[in-house]
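Given the structure is predicted, the values throughout are model-derived calculations rather than measurements. Ligands are counted one by one from 1 in listed order, and the atoms in each one are counted from 1 as well.
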Amino acid sequence: MIEARVMTSAVSAAEEHASVRLAGATRSELARALAELGVAEGERSMRVSQLWHWIYHRGAREFSAMRNIAKPLLAKLAERHELARPEVVTEQVSADGTRKWLLRMPPAHAHDKGAEIECVYIPESDRGTLCVSSQVGCTLNCTFCHTGTMPLVRNLTTAEIVGQVLIARDRLGDFPGGTPPPDGLVPSGEGMRAVSNIVFMGMGEPLYNFGAVRDAIAILTDGEGLSLSKRRITVSTSGVVPEMERLGAECGTMLAVSLHATNNALRDKLVPLNRKYPIERVLQACRGYPGASNARRITFEYVMLKGVNDTPAEAKALVRLLKGVPAKINLIPFNPWPGSPYECSDWETIERFSEIVFNAGYASPVRTPRGRDILAACGQLKSETEKLRARARIMLEESLVVGQD
Ligand code: SAH
Ligand code: SF4
């Protein structure tokens with residue numbers, strides 16, 4: 001009975017939200033909304049441009065702020081639509097300025113009860129990077145990644161992906177006239193944007209949600225709106241070969257590939273998708289990636305796992321493997337999570353590995369873990385909430401057992 005009630009409320013919420021939310025909408029969705037309000041066809045494209053400017057350039061959260069749109073139309077918009085973003089459940093700020101938001105998405109369809117995802121902001125002196133999620137959970141089960149262990153998986157919608165950027169810009173005072181948070185941890189300077197870079201390295205495999213990711217990128221890079229540069233957007237994939245070329249052709253963003261191993265036997269274990277798309281095919285797709293050049297290199301991510309993939313011989317193999325690919329190498333210290341089966345390589349091992357890669361001519365920054373105090377690093381997303389969930393489930397099971405007695 002309780003289950004049925006939850007479903008009924010989910011249906012009505014889904015129907016309601018599907019038609020009302022305009023923050024995160026594409027141009028054609030805005031046009032459709034205007035058509036439904038009776039705006040004449042000849043007037044629509046002008047009105048779409050106006051709405052676009054207010055929603056994405058100015059970050060308007062109320063229709064009443066849209067001064068150049070006629071009052072009667074604003075009244076109709078306000079009656080049927082809203083500019084709400086996903087709900088911010090918690091905000092955590094690390095001592096190093098990293099911020100992590102837990103966001104609750106409204107139900108996306110009739111059988112969805114809503115979903116929670118995390119989104120992380122990492123400030124540096126010359127840039128601010130927002131790490132966005134593309135899915136709730138992930139179906140790919142890489143053995144070192146906590147996201148892959150989450151039971152619930154669904155794709156995020158375009159609006160939910162764009163919503164993460166809108167929330168970050170709201171919170172960081174990054175829209176015109178906005179005020180940065182008073183803690184002084186957000187980079188500022190002449191012409192500098194708080195969110196200057198986006199990486200699809202949060203939860204999920206972005207190329208398994210290609211359509212929504214592509215449409216979100218189109219919104220983020222639209223010159224009349226959020227206006228982010230394609231060169232400052234990086235999509236990270238575990239190697240979904242057929243979609244890699246499409247990404248280059250249809251989105252033109254930077255590409256990052258999660259390699260993590262230099263031979264198929266090991267990569268099969270770490271990144272199970274390798275059984276479908278082995279290393280040779282992934283590298284072939286990289287060689288053919290539209291726009292890749294020495295000035296626009298592909299990033300190869302390599303997580304440092306103690307005693308698993310971190311020997312000098314593997315560093316040399318990595319260099320050999322990437323010959324002829326315009327590449328950058330990112331060595332990522334493994335971030336442990338509760339119950340994880342691996343340990344992070346020792347610092348000296350990482351340094352030795354990095355030196356071999358560096359001597360072969362690759363810049364090989366070791367990605368310093370950021371936001372450790374708030375569990376904001378790669379592969380740790382959602383851990384706290386999941387733990388709470390697990391605890392709540394155990395409590396529920398216990399109460400059921402008690403009830404049966
Ligand atoms: N699914 C995509 C993007 C999200 S994961 C992908 O796999 O590329 C972003 C990066 O974090 C990937 O390189 C991933 O391999 C890495 N990662 C996942 N779990 C990690 C962990 N526990 N420690 C360090 N890096 C991790
Ligand atoms: Fe999914 Fe990427 Fe995690 Fe693998 S590393 S389980 S592809 S999110």
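- Panel detail: atom 1 (Fe) of ligand 2 has protein N, O or S atoms under 2.8 Å away, 1 in number.
- The C145 neighbourhood of ligand 1 comprises atoms 18 (C), 19 (N), with distances under 4.0 Å to a heavy atom of that residue.
- Residues passing the ring-ring contact (aromatic ring centres under 6.0 Å, His included) test with Y56 are W52, sequence neighbours excluded.
- Using a 4.0 Å cut-off between a side-chain N of Lys or Arg and a carboxylate O of Asp or Glu, E91 and K100 do not qualify as a salt bridge.
- Near G202, meaning under 4.0 Å from any of its heavy atoms, are these atoms of ligand 1: 4 (C).
- Remark: W101 engages no residue in a ring-ring contact (aromatic ring centres under 6.0 Å, His included) (not counting sequence neighbours).
- For N335, heavy-atom contacts with ligand 1 shorter than 4.0 Å involve the backbone as well as the side chain.
- Side-chain contact annotation: R287 with Q284, donor-acceptor N/O pair under 3.5 Å absent.
- Residue contacts with ligand 1 include G204, since one of its heavy atoms falls under 4.0 Å from the ligand.
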Donor-acceptor contacts under 3.5 Å from residues 312-319 side chains, at least two apart:
| from | atom 1 | to | atom 2 | distance (Å) |
| --- | --- | --- | --- | --- |
| E314 | OE1 | D310 | N | 3.3 |
| E314 | OE1 | T311 | N | 3.2 |
| E314 | OE1 | T311 | OG1 | 2.8 |

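- Of all the heavy atoms of E301, the ones lying under 4.0 Å from any atom of ligand 1 belong exclusively to the side chain.
- With F175 as the aromatic partner, R58 does not meet the cation-pi criteria of under 6.0 angstrom to the ring centre and within 45 degrees of the ring axis.
- If you run side-chain hydrogen bond (donor to acceptor under 3.5 Å, both in side chains) between R232 and each of T221, N197, T253, only N197 comes through.
- Taking a 4.0 Å cut-off on heavy atoms, Y342 fails to register as neighbouring ligand 1.
- Residue H260 places at least one N or O, backbone or side chain, under 3.5 Å from an N or O of ligand 1.
- Outside the 6.0 Å centre-distance limit, the rings of F300 and Y362 are not counted as a close aromatic pair.
- Using a 4.0 Å cut-off between heavy atoms, T237 contacts ligand 1 through its backbone alone, with no side-chain atom that close.
- Each of the following atoms of ligand 1 lies closer than 4.0 Å to a heavy atom of W337: 22 (N).
- Minimum interatomic distance between M304 and F334 (heavy atoms only, all atoms of both residues): O-CB, 3.3 Å.
- Y302 and S258 share no side-chain donor-acceptor pair at under 3.5 Å.
- Taking every heavy atom of I332 and a limit of under 4.0 angstrom, the matching atoms of ligand 1 come to 24 (C), 25 (N).
- Ligand 1 is approached by E205 to a heavy-atom distance shorter than 4.0 Å.
- Both the backbone and the side chain of F144 come within 4.0 Å of ligand 1, judged by heavy-atom distances.
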Inset, instruction - Decide yes or no on side-chain contact (heavy atoms from CB on, under 4.5 Å) for E205 and T139, but give the supporting numbers first. - result: CA-CA 8 Å; E205 168 50 56; T139 49; 6.0 Å; no
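- Here is the list of ligand 1 atoms found below 4.0 Å of a heavy atom in F200: 3 (C).
- No side-chain donor from either of E160 and N155 sits under 3.5 Å from a side-chain acceptor of the other.
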